[in-house]
Amino acid sequence: AAPGLLFVNWHDNPSSSANPTLMIRNASGDLLKQVPAELKGMQQVRLPMRAQGKLTLSLDGDSDSYRMPDSVGSGRQR
């Protein structure tokens with residue numbers, strides 16, 4: 001995984017919208033990224049480098065939350 005990249009694996013997910021939009025928000029509800037959803041295969045979404053903690057992905061009114069570890073993808077060497 002590369003710092004600042006989120007990989008979304010799409011499965012057969014019919015959208016009710018003609019142009020579905022994937023929205024990604026942080027724990028505070030701030031919009032980090034809004035991109036057209038590809039709805040098939042693997043989609044890469046570039047996020048701000050400091051995106052960590054709880055992220056919520058929304059598509060057509062449905063949403064799921066995920067926890068991004070603080071140490072993964074931070075770009076800091078140990």
Side-chain angles (χ1 to χ4, degrees):
L5 279 180
L6 176 69
F7 294 91
V8 180
N9 287 314
W10 295 104
H11 301 281
D12 295 327
N13 184 5
S15 173
S16 61
S17 173
N19 297 312
T21 301
L22 176 65
M23 293 186 289
I24 303 168
R25 298 181 182 274
N26 64 13
S28 301
D30 300 326
L31 184 63
L32 298 177
K33 196 75 169 192
Q34 183 173 341
V35 297
E38 294 175 6
L39 299 181
K40 61 182 176 180
M42 183 187 299
Q43 181 174 357
Q44 293 183 24
V45 181
R46 185 166 300 280
L47 297 175
M49 294 294 281
R50 295 184 182 191
Q52 59 187 16
K54 179 182 164 193
L55 297 179
T56 301
L57 283 65
S58 302
L59 176 70
D60 286 346
D62 292 325
S63 64
D64 282 311
S65 295
Y66 300 92
R67 173 101 173 99
M68 296 290 290
D70 295 341
S71 60
V72 173
S74 66
R76 286 182 270 151
Q77 293 187 0
R78 294 179 183 246

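Because only heavy atoms are used, hydrogens play no part in the values below, and waters and symmetry mates are left out as well, while side chains stay in. Note that the structure is predicted; figures quoted are calculated from it, not measured.
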Q34 meets the side-chain hydrogen bond (donor to acceptor under 3.5 Å, both in side chains) criterion, sequence neighbours left out, with none
Grouping I, L, V, M, F, W and Y whenever their side-chain heavy atoms are under 4.5 Å apart, do M23 and L6 come out in a common cluster? no
When you group the ILVMFWY residues by side-chain heavy-atom contacts below 4.5 Å and let the links chain together, are L5 and M42 in the same group? yes
Tell me yes or no: between the side chains of E38 and W10, is some donor less than 3.5 Å from an acceptor? no
Applying side chain to side chain contact (heavy atoms under 4.5 Å, CB included), can you list everything that pairs with D30, at least two apart in sequence or on another chain? N26, S28
Beyond-backbone contact of V35 with T21, side-chain heavy atoms, under 4.5 angstrom: no
Going by heavy atoms in the side chains, are L59 and L39 under 4.5 Å from each other? yes
By side-chain hydrogen bond (donor to acceptor under 3.5 Å, both in side chains) - contacts of T56 (at least two apart): S65
Measure across K33 and V45 and return the closest heavy-atom pair with its distance rounded to 0.1 Å. CG-CG1, 3.7 Å
Heavy-atom side-chain contact between L22 and V8 under 4.5 Å: yes
Rounded to the nearest 0.5 Å, what separates atom CD1 in I24 from atom CG in L55? 7.5 Å
